Amino acid sequence: DKKGKTPSRLLLATIDKNVELDFYDDEFDMDLFPTSNKKFKVLAIEGEWMKIEITKSSKKEIKKETKLVSLSTIQSIKVVE
């Protein structure tokens, strides 16, 4: 592999799945994730980064945005329905 480590098969199995992410307390940035819901969809994993989709809903609209998260900031990952 080019740079960095290859993600594990377990980590790669989360791609295209809805997951609940728990971040280390000092790593979770409420400005980046202004939602009480820590459920996201994993779009891709590349090297040390996870690309996730965040769904924000209000009374008027549902908005989706993507963010890059460093894998080192994630404490645990749980696949959810």
Side-chain angles (χ1 to χ4, degrees):
D1 135 75
K2 297 174 188 171
K3 291 184 179 179
K5 299 177 183 177
T6 303
S8 71
R9 287 185 289 161
L10 286 173
L11 195 54
L12 291 172
T14 64
I15 295 174
D16 290 327
K17 301 242 179 3
N18 293 315
V19 297
E20 185 175 307
L21 299 177
D22 285 320
F23 296 89
Y24 290 103
D25 290 334
D26 58 340
E27 299 290 342
F28 188 73
D29 187 347
M30 290 304 288
D31 292 333
L32 290 177
F33 306 103
T35 175
S36 59
N37 182 357
K38 294 183 185 177
K39 294 180 182 172
F40 311 99
K41 182 173 183 176
V42 178
L43 301 177
I45 297 173
E46 294 183 18
E48 298 293 321
W49 296 92
M50 178 183 284
K51 185 176 183 180
I52 60 173
E53 179 179 80
I54 303 167
T55 302
K56 298 177 183 180
S57 59
S58 65
K59 293 180 181 179
K60 295 182 180 181
E61 65 181 341
I62 295 176
K63 180 180 175 187
K64 294 184 179 187
E65 59 184 65
T66 59
K67 301 280 185 185
L68 284 176
V69 177
S70 173
L71 293 175
S72 65
T73 64
I74 300 171
Q75 185 175 20
S76 68
I77 302 170
K78 178 182 177 182
V79 177
V80 294
E81 296 294 318

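We use all heavy atoms of the structure for the numbers below, so side chains are in, but hydrogens, waters and symmetry mates are not. Not measured: the values here are computed from a predicted model.
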Considering non-hydrogen atoms only, spot the tightest contact between Gln75 and Phe23 and give its length. OE1-O, 3.8 Å
Which heavy-atom pair separates Pro7 from Gly47 by the least distance, and what is that distance? CG-O, 4.1 Å
Working to the nearest 0.5 angstrom, can you tell me the gap between [X] [atom1] and [Y] [atom2]?
{"X": "Glu53", "Y": "Asn18", "atom1": "CD", "atom2": "CG", "value": "8.5 Å"}
{"X": "Ser72", "Y": "Trp49", "atom1": "OG", "atom2": "CH2", "value": "7.5 Å"}
{"X": "Lys78", "Y": "Thr14", "atom1": "NZ", "atom2": "OG1", "value": "15.0 Å"}
{"X": "Leu43", "Y": "Lys67", "atom1": "CG", "atom2": "NZ", "value": "13.0 Å"}

Please examine the side chains of [Y] and [X], heavy atoms only from C-beta on, and report whether any two atoms are closer than 4.5 Å.
{"X": "Thr66", "Y": "Ile54", "answer": "no"}
{"X": "Val42", "Y": "Lys17", "answer": "no"}
{"X": "Phe40", "Y": "Thr55", "answer": "no"}
{"X": "Ile77", "Y": "Asp22", "answer": "no"}
{"X": "Ile45", "Y": "Ile15", "answer": "yes"}
{"X": "Met50", "Y": "Ile74", "answer": "yes"}

Would you say Leu12 and Val79 are hydrophobically clustered, going by side-chain heavy atoms of ILVMFWY under 4.5 Å? yes
